[in-house]
Amino acid sequence: MRFARFVHAGGVSFGVVEGEAQSGTGGLTIAEIDSIPFQNVRFTGNRWALADIRLLAPIFSSKVIGVGRNYADHAAELGNEVPKEPLIFIKPSTSVIGPNDAIRVPPVSQQVEHEAELAVVIGASGARRVDRAGAEKAIFGYTVGNDVTARDLQRSDPQWTRAKGFDSFCPLGPWIETELDVSDLEVRCEVGRNPDEMEVRQLGRTKDMVFDVPALVSYVSHVMTLLPGDVILTGTPAGVGPLVSGETVSVSVQGIGELRNPVVSLD
């Protein structure tokens, strides 16, 4: 199933995305449910064309955990070694935005960059000190993430909180896919000023992760309790690059969909 959170004329709801679009979201509909996705799915009977509603970030998260240098080619492009165990950091929940929301470039940074990522959503059971099997059971589904990073601040600060934590620096969406084999999926990032002329910046595959998804969930759960709705960003392939005001960044993961966000300046 594909679960989305969205705004409609009557308020904010969760729903199930229905249909198979050949391109974009044309032809898709969303069927409202009367609870959060973790509970038994009960449809209200309300249904909208996807074009008639506004998608939000697909889940509420108490925290977003990022994983650094989880693709060897990305570690190499920044002059870093591959870590011997997962390198984790926190992005605050206030950094989360949804599809088509603006990434806001702060004036304090001169080098804000995109990082296309597969994102893992933790399910109702949460996870605390689980093994690989327990990690797999704890996963509710997957979405698309963009670990926006102020690279110059990342290099200058002794830790990454400021560089990774600005408001709007964690786009998530467009929805959560619950039935997906993520062992070998394409991860893509495109950037441009014209939607018809986007430049491919990143093109990787999840099979090239240093630490796979169950290993990451298990590792993080031994550091901190993962609550329902928490998100783990699984790392980015090579090709990270700058984002400037006036551009649009598109991140997609095979089998999930596209997450598109405009870039604006706070100046």
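This is a predicted model, so every value here is computed, not measured.
Both F169 and L259 belong to a single network of hydrophobic side chains, linked directly or stepwise wherever heavy atoms of I, L, V, M, F, W or Y lie under 4.5 Å apart. The same ILVMFWY cluster, assembled from side-chain heavy atoms under 4.5 Å apart, contains both I90 and Y219. In the hydrophobic clustering of ILVMFWY residues, with side-chain heavy atoms under 4.5 Å counting as a link, V251 and V244 come out apart. V120 and L227 are assigned to two separate hydrophobic clusters, defined by single-linkage of ILVMFWY side chains at heavy-atom distances under 4.5 Å. Clustering ILVMFWY residues whenever any of their side-chain heavy atoms sit less than 4.5 angstrom apart, transitively, puts V130 in a cluster other than the one holding L226.
Distance alone, capped at 3.5 Å, is enough to place a donor-acceptor pair between the K91 side chain and the V148 backbone.
Between the side chains of T44 and D34, no donor N or O sits under 3.5 Å from an acceptor N or O. Donor-acceptor pairing under 3.5 Å is lacking for the side chains of E113 and T149. E32 and S13 share a side-chain donor-acceptor pair at under 3.5 Å.
Of all non-hydrogen atoms in N146 and A116, the two that sit nearest each other are OD1-N, 4.5 Å. Annotation for V210 and R69: closest pair CG2-O, 4.2 Å, computed over non-hydrogen atoms. A138 approaches A127 most closely through the heavy-atom pair CB-CB, 3.9 Å. Between M198 and S250 the shortest heavy-atom distance is CE-CB, 4.0 Å. Contact between V240 and P237 at its shortest, heavy atoms only, is CG1-O, 4.2 Å. Heavy atoms only, all atoms of each residue included: R2 and L28 are closest at NH1-CD2, 4.2 Å.
With L118 as the partner, the side chain to side chain contact (heavy atoms under 4.5 Å, CB included) test is satisfied by one option alone out of T234, T143, V144: T234.
More than 12 heavy atoms of other residues, nucleotides or ligands lie within 6.0 Å of CZ in R205, so this atom counts as buried by the packing criterion. The neighbour count for E81 CD, taken as heavy atoms of other residues, nucleotides or ligands under 6.0 Å away, does not exceed 12. Heavy atoms of other residues, nucleotides or ligands lying less than 6.0 angstrom from CG of N40 number 12 at most.
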Q: Show your working on salt bridge (Lys or Arg N to Asp or Glu O under 4.0 Å) between D212 and R132 and close with a plain yes or no.
A: CA-CA 10 Å; D212 66 9; R132 284 184 64 91; 3.0 Å; yes
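Aromatic ring pairs are classed by plane angle as parallel below 30°, tilted from 30° to 60° and perpendicular above 60°; the pair F140 and F38 is perpendicular.
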